[in-house]
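Heads up: the structure comes next, in structure tokens.
Chain naming here is simple, since letters A, B, ... match the order of the sequence lines and numbering starts at 1 in each.
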There are 2 protein chains.
Amino acid sequence: MVQQRLLDVAIDQFGRLGFEGASTRDIAGAAETAMSSITYHFGGKEGLYLACADFIAEQIVKRLDPVFADLCDPSALDRDQAIEQMLRIVDGFCGMMIDQASAPWARFIVREQQAPTEAFERLWRGAMGPVLDSCSAVLARIRPDMPPRELRAMCMLVFGQTMVLRAGRASVFKALEVDEFSAQDAAMLRALLRRNTFAILTAEMEP
Amino acid sequence: MVQQRLLDVAIDQFGRLGFEGASTRDIAGAAETAMSSITYHFGGKEGLYLACADFIAEQIVKRLDPVFADLCDPSALDRDQAIEQMLRIVDGFCGMMIDQASAPWARFIVREQQAPTEAFERLWRGAMGPVLDSCSAVLARIRPDMPPRELRAMCMLVFGQTMVLRAGRASVFKALEVDEFSAQDAAMLRALLRRNTFAILTAEMEP
DNA sequence: GTCTATACTACGATAGAC
DNA sequence: GTCTATCGTAGTATAGAC
């Protein structure tokens with residue numbers, strides 16, 4: 001499928017070089033098609049860019065689906081169940097962040113966050129917003145005292161611990177003195193993350 | 001100073017548009033000088049880019065200096081002092097991440113991390129590496145049982161919580177339903193972060 | 001639907017006046 | 001040191017063949 005090949009290459013190129021830096025010539029070339037296919041299928045460079053955002057949102061939802069599948073009604077969870085659920089969610093994020101498959105998506109998204117455009121709106125509405133809603137619903141069962149905005153902020157901070165594995169990957173590599181994560185590294189990071197998250201979720205309110 | 005104006009504009013443009021996306025014409029124009037000044041002062045586009053990295057590293061070290069100033073010998077700290085020190089460091093990071101002044105640096109750095117070049121080496125050697133070393137030395141006093149690589153990984157995860165405030169700022173804004181951080185938002189985030197960090201640092205080793 | 005060919009614009013680098 | 005002028009290259013878009 002030409003469209004799919006174009007999307008795959010475009011996500012990679014836009015992620016690495018940015019919207020302005022990527023060239024439709026190169027994208028079409030790497031997708032082994034003519035430059036004018038972009039115009040035909042997506043209406044131009046910008047249309048291709050937005051289609052990338054939509055596609056990524058779709059993929060993220062698909063990737064996280066198993067994590068959220070058995071979470072039909074968060075308000076039915078008791079505290080311990082909610083904690084266990086939250087640990088599973090964070091571990092799911094962590095897996096996605098460590099996984100090589102998320103690299104192109106992550107590059108694209110991280111770049112969008114720095115200077116958000118219409119593409120970010122689509123990413124948020126399509127994937128990130130719904131995920132945050134689910135997370136804060138679970139967290140609300142653990143911290144019933146917390147106001148909604150604080151719950152959401154808390155989710156973002158916890159999420160930040162996993163995000164650094166992607167958005168700050170070059171630094172994490174330097175810190176661990178490696179060029180890629182070994183299975184042992186991944187296991188260590190997951191274990192640390194689970195422990196940190198558990199500590200955060202179960203801490204007393206007043207330090 | 002023409003050089004300084006060029007650096008300021010270049011950090012902004014490179015951060016927003018990437019190396020390939022930014023144009024020396026626009027940079028020179030916004031810095032109110034001729035395009036050929038870039039060749040004269042920095043040897044070309046790439047020289048300017050690397051000079052940006054060096055300048056940012058310098059600024060970060062300067063910005064964090066008060067936080068690390070009274071940390072001459074981390075190995076002399078007892079556990080409680082080390083915890084207090086770590087909380088101060090994280091709060092310092094948090095302040096830097098929330099501060100508008102760090103926005104252009106962050107854009108530049110986050111972009112570099114996605115596809116590291118020589119500029120990232122300079123950022124790491126100049127600022128991030130030394131900061132990590134200091135942090136893990138302090139953390140070692142709190143977790144004397146932890147192997148060095150795990151200490152460094154732990155620092156990165158804790159750091160991730162603050163990094164999300166910059167690298168994932170667009171998402172945090174969405175989560176809090178704002179367009180910029182109010183003083184109250186900043187205070188809430190700092191308080192949450194302090195509490196989370198305290199919980200992580202003082203948690204039992206086995207969850 | 002997919003390609004080739006082409007029009008038009010903007011890019012980085014540099015030579016040379018001042 | 002700073003500017004203007006210009007060269008060669010690479011960008012997007014589009015018209016038209018097949």
For this session: State whether the side chain of A/Arg141 and the backbone N or O of A/Leu77 hold a donor-acceptor pair below 3.5 Å, judged by distance alone.
Result: yes
For this session: Please report, rounded to the nearest Å, how far the P atom of D/dG1 is from the CZ atom of B/Phe42.
Result: 13 Å
For this session: Could you name each residue pair satisfying side-chain hydrogen bond (donor to acceptor under 3.5 Å, both in side chains) that touches residues 42-63 of chain A, not counting sequence neighbours?
Result: A/Tyr49-A/Glu112, A/Asp54-A/Arg122, A/Arg63-A/Asp99
For this session: With sequence neighbours excluded, tell me which residues meet side chain to side chain contact (heavy atoms under 4.5 Å, CB included) with A/Ala34.
Result: A/Ser36, A/Ser37
Exercise. Once each nucleotide of nucleotides 2-18 of chain C is scored for protein heavy atoms under 4.0 Å, what B/S/- sequence comes out, 5' to 3'?
Worked result: BBB------BBBB----
Exercise. Can you check whether A/Gln114's main-chain N or O pairs, donor with acceptor, with B/Arg166's side chain at less than 3.5 Å?
Worked result: no
For this session: Could you tell me whether the side chain of A/Arg107 and the main chain of A/Gly18 form a donor-acceptor pair under 3.5 Å?
Result: no
